[in-house]
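Data block below; observations after.
Because only heavy atoms are used, hydrogens play no part in the values below, and waters and symmetry mates are left out as well, while side chains stay in.
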Amino acid sequence: MKHCEYQQIDPRALSTPAPTPTLPPQHAVVEEEKKGETARRKWEVFPGKNRFYCDGRIIVAQQSGVLPLTLGLILVTTVLFFVFDCPFLLKHLTVFIPAIGGVLFVFVVISLLQTSFTDPGILPRATPDEAADIEKQIDNSGSSTYRPPPRTKEVMINQQVVKLKYCFTCKMFRPPRTSHCSLCDNCVERFDHHCPWVGNCVGKRNYRFFYTFIVSLSFLTVFIFGCVATHLALRAQGGRGLMFALQESPLVICFFSVWSILGLSGFHTYLVASNLTTNEDIKGSWSGKSGAEDTGNPYSYNNIITNCCSVLCGPMPPSLIDRRGFMPVEESSQTVATEIELATKNEINVVGGPTPSQLPPCALQVPPSPIPLPLSLTAVALSNPSD
C-alpha cells in the first residue's frame, strides 16, 4: 500500500506570487451583463408604446405633445381672468371671487395630472408559456405559418352572452370591456377612449380622474364666463359702451369654449349614469347599432345612483403591470453559470492538462501554465515503496 508525504513550502521562499485563475474577458462581460440585469426594472423593457418618468412612477402615452397645450390653455385663461377681471370684481362685488377661481383652478390641474400620469388599467401581455398554451388550445390548423381569423370565446355575464376577442398582440383573450389601444399598443381594461388632450388612455383606473377633470373644468369655465359677463355688464353701465368693456376683458373666448366643455361633461355624465363606456356607446354594443339585437347593457345595475357609485366611488384596482418591479434573473443566472462552466472545461482541454478526475489523489493540482514554474513553487512528493 502506497502513501504520500508532502514537504511544506516556506512562504518566504516564494519569489513570485502564484497566478490565480481568472475568468476570460468574455466571462467578465457576461458577469457585467448579469449585474446590469439584476438592477433592471420592468418599465425599462415595457413592450407597449408608453413613456416613463421618475423611475417608472409616471406613465404617459408616447404621443403626449398635446398635454402641454392643454395645461397652457387652462393656465393662460386663468391668468388672464385674474389679471383683467378679478381686480374689478374684487373691488365692486366680493373678495370670494378670486378664492373660488383659485380653488377651481387647482382642482382642475390636479385631476388633469392624475388622469395623465396614472396607469389606465393596462393588462400585462401573456408570457411565452401562456401564449403557447393558448395557441395549442385554439390553433387546430397544424401549420405554423397559418394565421387563423380573430377568434372569440363566449362567457355569461348577468345571464347574457358576451363574446371575448383574442388579441394577437398581447396573445390572450381580452377580458370583458377590454380593448387594444392602437396608439399605446396595450390592452386596457374597461377601455373608454384614447384622449390626446390628457396624453393617455382613459380606462378603468383613471376614468374617475378624467370625469372629475372635465366636470371641474366645466365649473371653472362657467364660473369665468359668468364673471366676465358680469364685468362687461358693470362696465357697460358706466356709460362707456359695450365695445370699450369688451376691450377691457379679453376673456370673451370663454363664450366659445364653454359650450363644447359642457357638452362633453353632459355626455360622460350620461355614460356614468348608464354604466357605459365611450367605446361601447360609439360601437353600439348594447343598443343594436352594431347589427346585433338590442339585448341591453349587462353591466348596468338598472339604477342611476348605483351605476354612478360603481364607476366613480368603487375601490381603486391595483396596477397589474408592476412597472417598478425588477425583472426576474433566475433564468439568466443559470445561463451564465452554465456558460462559465462549459468555457472552463474547454480551456482545460485546450491547454492539454488533465481534468480533476484524471489526477491521482496525491498529485498537487497546480494551474497549468505554458511558462515553467521555479523549483521553489513546486511541491515535492515523496513516495515510499509498498510494505
Side-chain angles (χ1 to χ4, degrees), residues 58 60-61 64-118 192-193 195-200 202 206-273 278 308 311-313:
I58 296 177
V60 294
S64 58
V66 188
L67 176 60
L69 177 61
T70 305
L71 284 171
L73 290 175
I74 297 174
L75 180 62
V76 169
T77 304
T78 308
V79 168
L80 291 177
F81 167 71
F82 277 97
V83 171
F84 290 95
D85 294 285
C86 274
F88 181 85
L89 297 176
L90 179 64
K91 180 179 179 181
H92 293 82
L93 292 181
T94 177
V95 295
F96 293 104
I97 289 181
I100 296 175
V103 171
L104 290 175
F105 171 75
V106 172
F107 209 73
V108 168
V109 173
I110 291 177
S111 58
L112 172 60
L113 296 180
Q114 284 181 316
T115 306
S116 303
F117 298 157
T118 302
D192 191 87
H193 70 289
C195 183
W197 295 99
V198 302
N200 200 356
V202 178
N206 65 343
Y207 182 80
R208 64 187 66 188
F209 302 136
F210 175 77
Y211 183 76
T212 304
F213 164 65
I214 58 176
V215 171
S216 59
L217 183 61
S218 299
F219 277 105
L220 177 63
T221 307
V222 170
F223 176 76
I224 293 178
F225 177 72
C227 291
V228 168
T230 304
H231 184 194
L232 293 178
L234 294 177
R235 288 281 188 180
Q237 289 180 357
R240 297 183 178 181
L242 182 60
M243 295 304 299
F244 179 80
L246 291 176
Q247 295 177 359
E248 291 293 326
S249 180
L251 293 180
V252 185
I253 190 174
C254 291
F255 177 81
F256 302 100
S257 61
V258 66
W259 308 113
S260 59
I261 298 175
L262 286 177
L264 183 63
S265 300
F267 172 69
H268 278 277
T269 301
Y270 155 74
L271 294 179
V272 171
T278 303
C308 292
V311 176
L312 302 177
C313 303

Run the side-chain hydrogen bond (donor to acceptor under 3.5 Å, both in side chains) test against Thr269 and tell me which residues pass, sequence neighbours left out. Tyr211
Roughly how far, to the nearest 0.5 Å, is [atom2] of [Y] from [atom1] of [X]?
X      : Y      : atom1 : atom2 : value
Leu113 : Ile58  : CG    : CD1   : 8.5 Å
Ile97  : Cys86  : CD1   : SG    : 7.0 Å
Leu262 : Thr221 : CG    : OG1   : 7.5 Å
Ile214 : Ser265 : CD1   : OG    : 4.5 Å
Trp197 : Phe213 : CH2   : CZ    : 10.0 Å
His268 : Thr278 : NE2   : OG1   : 4.0 Å

Sub-4.5 Å side-chain heavy-atom contact between Thr70 and Val198: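 Of all side-chain heavy-atom pairs linking Val198 with Thr70, none is under 4.5 Å.
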Spell out, as yes or no, whether a donor-acceptor pair under 3.5 Å connects the side chain of Thr77 to the backbone of Ile74.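 Pair absent, no side-chain N/O of Thr77 close to backbone of Ile74.
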Is there a donor-acceptor pair under 3.5 Å between the side chain of Thr94 and the backbone N or O of Leu90? no
Take atom CZ of Phe107 as the centre, draw a 6.0 Å sphere, and report whether it contains more than 12 heavy atoms from other residues, nucleotides or ligands.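 Not more than 12 within 6.0 Å, no.
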Is it the case that atom CZ in Phe219 sees more than 12 heavy atoms from other parts of the structure closer than 6.0 Å?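 Atom CZ in Phe219 is not packed in, count stays at 12 or less.
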How far apart are the closest heavy atoms of [X] and [Y], and which atoms are they?
X      : Y      : value
Cys195 : Val202 : CB-CG2, 4.1 Å
Gly101 : Leu220 : O-CD1, 4.1 Å
Thr115 : Asn206 : O-ND2, 3.1 Å
Arg208 : Val311 : NH2-O, 4.1 Å

Give the C-alpha distance, both sets of side-chain angles, the deciding distance and a yes or no for side chain to side chain contact (heavy atoms under 4.5 Å, CB included) between Leu71 and Leu75. CA-CA 6 Å; Leu71 284 171; Leu75 180 62; 6.0 Å; no
With His193, which of Tyr207, Phe267, Phe210 fulfils ring pair (Phe, Tyr, Trp, His ring centres under 6.0 Å)?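 With His193 as partner, Tyr207, Phe267, Phe210 yield a single ring pair (Phe, Tyr, Trp, His ring centres under 6.0 Å), made by Phe210.
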Dump the intermediate steps for side chain to side chain contact (heavy atoms under 4.5 Å, CB included) on Leu217 and Ile261, then the final yes or no. CA-CA 8 Å; Leu217 183 61; Ile261 298 175; 4.0 Å; yes
Under the side chain to side chain contact (heavy atoms under 4.5 Å, CB included) rule, what do Thr118 and Asn200 come out as? Steps first, then yes or no, please. CA-CA 8 Å; Thr118 302; Asn200 200 356; 5.5 Å; no
